[in-house]
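When a ligand or atom number is given, it counts from 1 through the structure's own listing order.
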Amino acid sequence: MTWKSGEPKRRIAVLGAGFQGVCIALEIARRKRPVTLFDREAAPITQAGAKNEGKVHLGFVYANEPDRRTADAMIAGALSFDEPVRRWCGLETLEPLLSTPYVYGVLADTMVSVPEIEKHFAYIAERIAGRPYLGATLGAPYRRLDQREKARLFDDETTLAAFATEERAVMPERMAELLRGAVAAEPLIDLRAGCEVQAVSESGGAFTVSYSRDGVAERERFSDVVNCLWTDRVKIDATLGVKPAHRYFHRYKAGILVSLYPGAPQAPSATFILGSYGDAVNFGDDGLYLSWYPAGMIAVSRDIAPPDWRNLPDEATEARIIRETAAAAARLMPVLRGHEADLVANARVLGGTIVATGASDIDDPESRLHRRIDIGLSSVGRYHSLDPGKYAMVPYYALKTVDRLLGEP
Ligand SMILES: Cc1cc2nc3c(=O)[nH]c(=O)nc-3n(C[C@H](O)[C@H](O)[C@H](O)COP(=O)(O)OP(=O)(O)OC[C@H]3O[C@@H](n4cnc5c(N)ncnc54)[C@H](O)[C@@H]3O)c2cc1C
């Protein structure tokens, strides 16, 4: 069986209905092509794509990378985030989903000095000033706070310097809900929920996707396949004979979402740099997301695919993550002090797997986790495998992938 470009018989499969797979399926459908979208879960975007922090990185955090390639990549992704997402969801603006802008706090044991960090921020500012980002135009992309402003936001003793930026996050759970609605309303997307992909093989110029549904093995033929399985991507590539180009370091990381309660303090959106620290993201009515790396990073794997971590964490670990994350946030942000018990009482844990190349964790200055350059689209004929690397890169790569698949519109 063979397909030629433009033939009516062409059948496209997208493996993985996470944020990445859903964006690709929506773009294929908007270009008037039918697409089959597989996922083992009962609904799209329930894993990392829904349970992350949602920062649309402008590259500020990647300050430990002299050639700044990751910052360049993040800038390209971030500046392309808004338009396609609004188009897929039929939204005028993403504003209701956005966090307040991030302030960066440089902690005393930072692995990159304050002058080097400022040099990095200036590099980014030069590239993004005046460019459109999340529906606004970037004005003064960063500003070093004076001593009084710094002490108001952050623990003065442990914070060496603070920089206000215009970087923001989108609320991933709200984004996922909107995209699920868009998939449900799109007749050209055939969603195969509850289907666990097990292998892809090729014969006669077409691909067979083998999967199991309710324990029953099934297979289907496609002319084109896009693998967006995130945790299982490299493993499924290998079933087709596509070898991984890198070593992978998988981490299961959890943060907490504190729902808005009467009298809740207004914390800044903040990222503490540079080391194994954490973040705070103020999503207004949608709550306050907090993460603290030493508390939330609970499993690692260097295997081709991580173990099935979907049942992590257990109840006791959840309680510990909530307690320790709230305590760390209150240590670093004076506005949260005295609120620890309320933060704990109103928190739930959100976690998922981070796939990245490398061999050591972020407390190692040489770790490849300080970069995200081994990412993107690789294709063998009509088989495409996509590692978005970050949430922020997903819409950008969705357009690139569909351009390669169908030709530019
Ligand atoms: C705690 C945390 C915080 C993060 N914070 C940020 C951030 O602030 N900014 C940022 O840019 N990035 C962030 N990330 C990274 C970001 O979440 C991921 O890069 C991105 O979401 C991955 O793409 P995805 O959404 O498609 O993955 P997923 O949502 O995991 O999608 C993969 C899909 O494939 C399905 N699947 C997997 N295996 C199979 C199989 N064998 N058969 C069928 N279906 C299968 C899954 O069910 C899932 O739906 C964070 C990640 C975590 C975990």
Side-chain angles (χ1 to χ4, degrees), residues 13-25 37-59 61-62 70 73-74 77-78 81 99 102 167-173 175-176 179-180 183 191-200 209-213 226-237 239 250-257 269 271 278-281 289-293 296-299 305-306 308-310 312 321 325 349-356 372 375 386-398:
V14 173
L15 313 182
F19 185 35
Q20 185 65 81
V22 160
C23 290
I24 288 176
L37 177 60
F38 288 92
D39 205 284
R40 63 185 170 197
E41 299 298 327
I45 323 186
T46 59
Q47 304 301 301
K51 296 172 178 170
N52 70 87
E53 175 181 326
K55 183 194 277 194
V56 183
H57 287 272
L58 286 163
V61 82
Y62 294 99
T70 305
M74 295 295 143
F81 194 95
S99 72
Y102 281 83
E167 192 174 58
R168 289 165 183 255
V170 295
M171 213 291 164
E173 288 188 314
M175 187 82 263
L179 287 164
R180 263 179 235 129
V183 168
L191 175 65
R192 303 291 176 80
C195 294
E196 170 131 14
V197 176
Q198 276 155 348
V200 179
V209 174
S210 304
Y211 59 95
S212 89
R213 179 169 19 201
V226 186
N227 178 353
C228 304
L229 292 170
W230 189 236
T231 51
D232 284 15
R233 184 184 65 86
V234 177
K235 182 177 87 177
I236 295 302
D237 281 354
T239 64
H250 303 284
R251 294 166 289 161
Y252 187 95
K253 188 181 141 189
I256 67 174
L257 186 70
S269 295
T271 296
D279 298 74
V281 194
Y289 177 92
L290 298 172
S291 72
W292 185 243
Y293 198 82
M297 212 284 282
I298 56 172
D308 189 346
W309 283 333
R310 283 174 293 168
L312 288 182
I321 291 170
T325 304
V349 170
L350 290 175
T353 302
I354 300 179
V355 175
R372 283 293 191 286
I375 62 173
L386 177 55
D387 173 5
K390 299 295 283 183
Y391 187 82
M393 300 301 295
V394 162
Y396 171 83
Y397 280 132

Subject >> Residue, atom name and distance, where the atom is the protein heavy atom closest to atom 8 (O) of ligand 1 >> reply: Lys55 N, 2.9 Å
Subject >> Close approach of Ile45 to ligand 1, heavy atoms, under 4.0 angstrom >> reply: no
Original post:
Heavy-atom contact under 4.0 Å between Thr46 and ligand 1?
Top reply: no
Original post:
Using heavy atoms and a threshold below 4.0 Å, how should the contact between Leu350 and ligand 1 be classified: side chain, backbone, both, or neither?
Top reply: neither
Original post:
Between CG of Leu15 and CD of Gln20, what distance do you get to the nearest 0.5 Å?
Top reply: 12.5 Å
**OP:** Please round to the nearest 0.5 Å and tell me the distance separating atom CZ of Arg180 and atom CE of Met175.
**Re:** 11.0 Å
Original post:
What residue and atom, counting heavy atoms only, is the protein's closest point to atom 44 (N) of ligand 1, and at what distance?
Top reply: Arg40 N, 3.1 Å
Subject >> Option whose closest heavy atom lies nearest to atom 32 (C) of ligand 1, chosen from Trp230, Phe81, Tyr211 >> reply: Trp230
Subject >> Student check: side-chain heavy atoms of Arg213 and Arg192 closer than 4.5 Å >> reply: yes
Subject >> Contacting atoms of ligand 1, where contact means under 4.0 angstrom from a heavy atom of Glu53 >> reply: 3 (C), 4 (C), 5 (N), 8 (O)
Subject >> Ligand-side contact atoms (ligand 1) for residue partner Gly54, heavy atom cut-off under 4.0 Å >> reply: 7 (C), 8 (O)
Original post:
For Tyr102, does its backbone N or O pair with a side-chain atom of Glu167 as donor and acceptor, under 3.5 Å?
Top reply: no
Original post:
Counting only N and O atoms by type, is there a donor-acceptor contact under 3.5 Å from the side chain of Trp230 to the main-chain atoms of Thr353?
Top reply: yes
**OP:** Please say whether Lys51 places an N or O atom under 3.5 Å from an N or O atom belonging to ligand 1.
**Re:** no
Subject >> Contact check, side chains of Leu386 and Ile24, non-hydrogen atoms, under 4.5 Å >> reply: yes
**OP:** Would you mind listing which atoms of ligand 1 come within a distance below 4.0 Å of any non-hydrogen atom of Ala392?
**Re:** 10 (C), 11 (O)
Original post:
Is the backbone of Gly255 close enough, under 3.5 Å, to the side chain of Ser291 for a donor and an acceptor to pair up by distance?
Top reply: no
Original post:
Are the side chains of Tyr397 and Ile375 in touch, meaning some heavy atoms are under 4.5 Å apart?
Top reply: yes
**OP:** Can you measure from CG (Asp232) to CG (Asp308) and round to the nearest 0.5 angstrom?
**Re:** 8.5 Å
Original post:
Less than 3.5 Å between some nitrogen or oxygen of Gly255 and one of ligand 1, yes or no?
Top reply: no
Original post:
How long is the span from the CD atom in Glu196 to the CG atom in Leu229, to the nearest 0.5 Å?
Top reply: 9.5 Å
Subject >> Separation of Trp292 CH2 from Ile256 CD1 (nearest 0.5 Å) >> reply: 13.0 Å
Subject >> Closest approach of any protein heavy atom to atom 1 (C) of ligand 1, naming residue and atom >> reply: Lys253 O, 3.3 Å
Original post:
When you measure from atom 23 (O) of ligand 1 to every protein heavy atom, which one gives the shortest distance, and what is it?
Top reply: Pro388 CG, 3.8 Å
Subject >> Flag side-chain contact, heavy atom, 4.5 Å: Met171 against Leu257 >> reply: yes
**OP:** Output the list of atoms in ligand 1 that are nearer than 4.0 Å to some heavy atom of Cys195, sorted by atom number.
**Re:** 42 (N), 43 (C)
**OP:** Compare Gly18, Ala176, Gly352 and give the one whose heavy atom is closest to atom 53 (C) of ligand 1.
**Re:** Gly352
Original post:
What protein heavy atom sits nearest atom 42 (N) of ligand 1, and how far off is it?
Top reply: Val197 N, 2.8 Å
Subject >> Heavy-atom nearest neighbour in the protein, as seen from atom 26 (O) of ligand 1, with distance rounded to 0.1 Å >> reply: Gln20 N, 3.0 Å
**OP:** Please say whether Phe19 places an N or O atom under 3.5 Å from an N or O atom belonging to ligand 1.
**Re:** yes
Original post:
What about Cys228: any of its N or O atoms under 3.5 Å from an N or O on ligand 1?
Top reply: no
Original post:
Which atoms of ligand 1 sit under 4.0 Å from any heavy atom of Glu41?
Top reply: 47 (O)
**OP:** Specify the protein heavy atom at minimum distance from atom 15 (C) of ligand 1: its residue, its atom name, and the distance to 0.1 Å.
**Re:** Tyr391 N, 4.0 Å
Original post:
Of all the atoms in ligand 1, which lie at a distance below 4.0 Å from a heavy atom belonging to Asp232?
Top reply: 38 (N), 39 (C), 40 (C), 41 (N)
Original post:
Is it the side chain (CB and beyond), the backbone, both or neither of His57 that lies under 4.0 Å from ligand 1, heavy atoms counted?
Top reply: side chain
Original post:
What distance do Arg310 atom CZ and Thr231 atom OG1 have between them, rounded to the nearest 0.5 Å?
Top reply: 8.0 Å
**OP:** May I ask you to list the atoms of ligand 1 that are less than 4.0 angstrom from any heavy atom of Gly389?
**Re:** 19 (O)
**OP:** For the pair Arg233 (side chain) and Cys228 (backbone), establish whether a donor and an acceptor sit closer than 3.5 Å, ignoring hydrogens and angles.
**Re:** no
Original post:
Run the side chain to side chain contact (heavy atoms under 4.5 Å, CB included) check on Ser212 and Gln198 step by step: do they pass?
Top reply: CA-CA 7 Å; Ser212 89; Gln198 276 155 348; 3.7 Å; yes
**OP:** Provide, to 0.1 Å, the distance between atom 39 (C) of ligand 1 and the closest protein heavy atom, together with that atom's residue and name.
**Re:** Leu229 CD2, 3.6 Å
Subject >> Min N/O separation Asp39 to ligand 1 under 3.5 Å >> reply: yes
Original post:
So, Arg251 side chain and Met297 main chain: donor-acceptor pair closer than 3.5 Å or not?
Top reply: no
**OP:** Only heavy atoms count here, so choose which of Asn52, Leu386, Leu15 is nearest to atom 50 (C) of ligand 1.
**Re:** Asn52
**OP:** Heavy-atom contacts with Gly49 under 4.0 Å: which atoms of ligand 1 show up? List them by number with element.
**Re:** 21 (O), 25 (O), 28 (P), 29 (O)
